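Numbers here are sequence positions counted from 1. Remember, predicted model here, so these are calculated numbers, not experimental data.
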Amino acid sequence: ADDIKKLRSQVDVLVVSQHWGVHYVPALISMDQYEIGHAAIDAGADIIIGHHAHILKGIEIYKGKPIFFSMGTFMMDHPHSMMSGSVLGHLRETFQWDPDPEYPNFAFPRDAKKSIIVKCTIADKKIQRVAFLPAWINKEGQPEPLPASDPRSDEVKDYIEWTIKDQWLNGKLTREGDEFVVTAKLE
């Protein structure tokens with residue numbers, strides 16, 4: 001929070017990229033993530049983009065500012081050959097999944113293939129619009145943006161909406177072309 005407060009006056013838009021989250025567990029957001037995210041925005045952050053959980057998580061709008069709890073495994077060079085037998089055993093036992101043999105360069109669960117590209121429109125020194133473009137990790141472990149015509153685009157959106165609902169978040173997604181605009185649900 002102190003670092004954000006010091007930086008706030010030096011920038012127009014302050015983006016926090018936060019390394020956090022519960023690995024591989026669908027939807028779950030830990031209490032410390034809420035505390036850290038809210039504290040960062042209270043200190044002056046304009047948007048928080050989380051990573052590390054290796055799976056998409058929900059989106060919250062806090063005080064009008066978005067918190068992306070996890071954008072998934074957007075870019076990770078992690079071939080199966082890097083994993084020892086004990087690591088594979090741990091994954092099978094703890095998370096009930098095996099790496100997909102069709103994806104030799106991507107040793108993560110199926111849901112980790114869903115990802116997003118966060119997009120912000122900045123004007124007049126502030127974020128005017130926040131959206132994301134759905135993406136899918138290909139067999140080479142690379143993210144591929146998905147057009148609206150690809151059914152996996154809606155699969156990514158549906159997954160994020162499920163995580164939002166599961167964790168009682170207030171993110172709302174509205175399709176505009178290939179993107180999904182992020183706003184807050186009014187309740």
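- When the options Arg8, Lys63, Lys65 are evaluated for a salt bridge (charged side-chain N to carboxylate O under 4.0 Å, His left out) with Asp42, the one that passes is Lys63.
- To the nearest 0.5 Å, atom NZ of residue Lys114 and atom CG of residue Leu146 are 11.5 Å apart.
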- request: For the pair Gln18 and Ile36, evaluate side chain to side chain contact (heavy atoms under 4.5 Å, CB included) and give the outcome as yes or no after the intermediate values.
  value: CA-CA 9 Å; Gln18 187 67 44; Ile36 293 166; 4.1 Å; yes

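- Two residues are said to be in side-chain contact when any heavy atoms from C-beta on lie closer than 4.5 Å; Phe132 and Pro134 meet this criterion.
- With hydrogens and angles disregarded, a donor-acceptor distance shorter than 3.5 Å links the side chain of Asn170 to the backbone of Ile61.
- Of the options Leu169, Ile48, Thr163, a side-chain contact (heavy atoms from CB on, under 4.5 Å) to Phe69 is made by Leu169 and by none of the others.
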task: Apply side chain to side chain contact (heavy atoms under 4.5 Å, CB included) to the pair Ser70 and Leu56, showing each step before the final yes or no.
output: CA-CA 5 Å; Ser70 177; Leu56 285 171; 5.9 Å; no

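- Side chain of Ser115 to backbone of Met71: a donor-acceptor contact under 3.5 angstrom is found.
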task: In sequence, state the C-alpha distance, the side-chain angles, and the governing distance for Ser17 and His51, and then conclude on side chain to side chain donor-acceptor pair (under 3.5 Å).
output: CA-CA 7 Å; Ser17 176; His51 58 94; 3.3 Å; yes

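- No salt bridge links Lys126 with Asp124; every basic N to acidic carboxylate O contact stays at or beyond 4.0 Å.
- With rounding to the nearest 0.5 Å, the separation of CD1 in Ile160 from NZ in Lys157 is 10.0 Å.
- A side chain to side chain donor-acceptor pair (under 3.5 Å) with Glu60 is found for exactly one of Gln33, Gln167, His38, namely His38.
- Two different hydrophobic clusters hold Ile164 and Trp168 under the rule that ILVMFWY side chains link at heavy-atom gaps under 4.5 Å.
- With hydrogens and angles ignored, the 3.5 Å screen pairs a side-chain donor or acceptor of Lys57 with a backbone N or O of Leu28.
- Nearest approach of Ile137 to Ala112, heavy atoms of both residues: CG1-O, 3.9 Å.
- Looking only at distances, no side-chain donor or acceptor of Gln128 sits under 3.5 Å from a matching main-chain atom of Ile122.
- Within the 4.5 Å cutoff, the side chain of Leu173 has no heavy atoms near those of the Val181 side chain.
- Once rounded to the nearest 0.5 Å, the distance linking NE2 of His23 with CD1 of Ile55 reads 11.0 Å.
- At least one side-chain heavy atom of Pro26 sits less than 4.5 Å from a side-chain heavy atom of Trp162.
- A salt bridge links Glu155 to Arg110: one of the charged nitrogens lies within less than 4.0 Å of a carboxylate oxygen.
- Looking at heavy atoms from C-beta onward, Phe180 lies out of side-chain contact with Ile116 at the 4.5 angstrom threshold.
- Checked for salt-bridge contact, Arg175 and Glu179 miss the test: no charged N lies under 4.0 Å from a carboxylate O.
- Each of Ile49, Val182, Val15, Ile59 was checked for a side-chain contact (heavy atoms from CB on, under 4.5 Å) with Val118, and the lone residue meeting it is Ile49.
- The closest donor-acceptor contact from the side chain of Asp46 to the backbone of Leu14 lies under 3.5 Å.
- Side-chain contact check for Lys113 versus Asn138: every heavy-atom pair is 4.5 Å or farther apart.
- What you find for Val22 and Ser30 is that their closest heavy atoms are CG2-CB, 4.2 Å.
- Taking the six-membered ring where the residue is Trp, His19 and His52 present tilted rings, their angle falling between 30° and 60°.
- Atom CG of Asp12 and atom NZ of Lys125 lie 5.0 Å apart (nearest 0.5 Å).
- At least one side-chain heavy atom of Val130 sits less than 4.5 Å from a side-chain heavy atom of Ile47.
- In this structure, the side chain of Glu144 does not engage the main chain of Ala135 through any donor-acceptor pair within 3.5 Å.
- The shortest heavy-atom contact between Ala1 and Ala43 is O-CB, 3.6 Å.
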